[in-house]
Structure formats: structure tokens, C-alpha cells
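Keep in mind that what you see is a predicted model, and the values were worked out from it rather than measured.
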Amino acid sequence: MKIWVPHKLGLTYLHDLPGDVEIEVADDPAALPSDPGSVGFLVPTFLDQPQIRDVVPRMRSLEVLQLPSAGSDGWTHLPPPTTVICDARGLHSAATAEWVVAAVLAQLREFPFFRSAQLAGAWTPSPGLDLAGQRVLLIGAGSVGAAVARRLQPFDVELTVVARSARPAEGIRSIAELPGLLPYADVVILAVPLTEATRGLAGREFLAALPDGALLVNASRGPVVDTAALLTELEQRRLRAALDVTDPEPLPAGHPLWSQPGALITPHAGAVTEKLPERVYRLVRRQVDRWLAGEPLDNRLAR
């Protein structure tokens, strides 16, 4: 049995597996460690390492594809139909939620402005906005959305949570109600998976419905937001945005989003903390143990 992991750290967590299990580090599609057709368990690359998507269709013996991310877009069609695909749902929720709260506070309290003033050596006071009392519309009630909601509670915001379907017992509204909710939102947080239903969700009409000065926070996937429509709003300085993901991604040099004064952009860093590899490999170890024991795997995706 052969397992491919994307980093040498994986060898630390998998070093004591049975002797008939071979562990190899596959961090560069241009220099594969062996024949991909003999790999039974694959953990793709993450962080800034090269992606290995192009190799997956050649993995004829692949039994398990364990994604290190909560999102699975771009992966589900690649391996053989018999391959079990698992994501890392819930693994990065806390870190991503921390990014959301930090991004909201940074924008409301004008941190990007103060940073620019600091670099210019200018003492330039400017009033920010209180987070307390802000009307926050959180779109997405999955693990990330729930983690964001918990962290916002101490800030005394007026929080409305929206999901695909309403859950009256939990106070969660339906996404079909968005047209009536958007005009009253000071902050909109996107924490949804990328699906055909959410692609372009924050489009021209969605953004136009927001009140002047509203803040859009995207912690989901870039294509959930219509980039051209958002650029129009930012160029008019009607809205502001905090974006951890973009479309296209990576955002190329010279793209107009970079230069928008109302945009705060981070390079898909919401879940990227020093403990990211540890989180991923602890999950990988649990899944490998289950795989070798013939037990059901966690976070299995429907195919």
C-alpha cells in the first residue's frame, strides 16, 4: 500500500504505520517520487506548494483522496469513480472565523488607512466605526458560519444568519429572503461553499441592494462574488470589501482590485496559521488508520 503526502512533516505523523505501507512525499508534479498508478491514499498539496491535480487522473489504484481543505471544488471529477473523497470540513473553522472577525474590525476601525499613514510617517487621526450595534448578515450556517457567529456574539452586533433553507427553531433565515435583508445590512459575511447555486451569488443586484458604506467580507471562494460588479462598487467608493479569496486567484499583479482604497485583500490566508500542517496531519493520521482497518472514513463526500 502506498500513501502520498505533500510535505515531509507527514512522515512524522505516519512513521509508525505497518511495514507494508509505503509513505512518499509528493510536493512537485514535475518530480514525482514513483508511479502514481500505484498510490492508494493521496493527500494533495496545500499552502503555496504546487498543486498535483493533473496527476490524479493517472492514479488507477487510488482508494482515498483526502483533501486538506473544507472545499472540494475542482477535485471531485478527477479520481476514478471508485475513489472515496473526503474533505477537511470543520478542521479550519476556528482559524477562518478568527480571520473574519479580524478583517471586519480592521476595516471598521480603519487599520489599512492607519498603516498607510504609519509608513508615510504621518500622525493622521481618523474616526472609525463601532462593531457594536452593526447589523451583520452572515450568509452560511455551516461549520465556518457557526464559528463566526459564536465569535461575533460578544461584540453586541445585530446578527442575522442565512442558510440555503430556513431553520425557524434556530432563528436562521432562508437565502430566498436575501432581497429583503440586504438593504439593512452594514456588514455581509460570505461563508458558503462554491456550488452552482452560490457561484456569482454576490452579483450586481446583490451588491446594489446593500446600503452605502456597507462592508462585504468574503471568506468562502472567489467566484461567489462577481468581481466586475464588486469593482464597480469599490471604484465608486460606495462599498468596502475584505477579501481572503478572489476571482481570479491568485490575483495577478496589476489587477484593479489591488489598488482599490476600500479593499483589504489577503492571499487565501484565512486558515493559514502555524498550526495548519499539524491540524491537517492529525486528520490524515485518523483517516489512514480507519482506511487500513477497513472502517468508514469521516467527511466522506457523495459522488
Counting heavy atoms not belonging to Glu278, are there more than 12 under 6.0 Å from its CD?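 Check passes, neighbour count above 12.
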Give a yes or no on whether Arg135 atom CZ has more than 12 heavy-atom contacts from other residues, nucleotides or ligands under 6.0 Å away.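 Yes, because the 6.0 Å sphere around CZ of Arg135 holds more than 12 heavy atoms from other groups.
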What are the two closest non-hydrogen atoms of Ser69 and Asp87, and how far apart are they?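 Result for this residue pair: O-CB, 3.5 Å.
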Where do Ala70 and His92 come nearest, in terms of heavy atoms and distance?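 Distance-wise, the nearest heavy atoms are N-CD2, 4.4 Å.
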Quick one: side chains of residues 152-163, donor-acceptor pairs under 3.5 Å with protein atoms, not counting sequence neighbours, listed by atom name and distance.
none

Are [X] and [Y] close enough that some pair of their side-chain heavy atoms sits under 4.5 Å apart?
{"X": "Leu201", "Y": "Ile175", "value": "yes"}
{"X": "Thr246", "Y": "Thr227", "value": "no"}
{"X": "Pro80", "Y": "Thr83", "value": "yes"}
{"X": "Pro44", "Y": "Leu65", "value": "yes"}
{"X": "Arg58", "Y": "Val39", "value": "no"}
{"X": "Val217", "Y": "Leu190", "value": "no"}

Compute the centroid of each ring, for Trp4 and then for Phe41, and state whether the two points are separated by less than 6.0 Å.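 No: the rings miss the under 6.0 Å criterion.
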Is it the case that the side chain of Gln260 and the backbone of Leu257 share a donor-acceptor pair, with hydrogens and angles ignored and the cut-off at 3.5 Å?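 Answer holds: no.
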Give every donor-acceptor pair under 3.5 Å between a side-chain atom in residues 9-22 and any protein atom, sequence neighbours left out.
| from | atom 1 | to | atom 2 | distance (Å) |
| --- | --- | --- | --- | --- |
| His15 | ND1 | Thr12 | O | 2.8 |
| Asp16 | OD1 | Arg285 | NH1 | 2.5 |
| Asp16 | OD1 | Arg285 | NH2 | 3.2 |

Begin with the C-alpha distance, continue with both residues' side-chain angles, and end with the deciding distance and a verdict on side chain to side chain contact (heavy atoms under 4.5 Å, CB included) for Gln287 and Val64. CA-CA 9 Å; Gln287 294 287 71; Val64 180; 5.9 Å; no
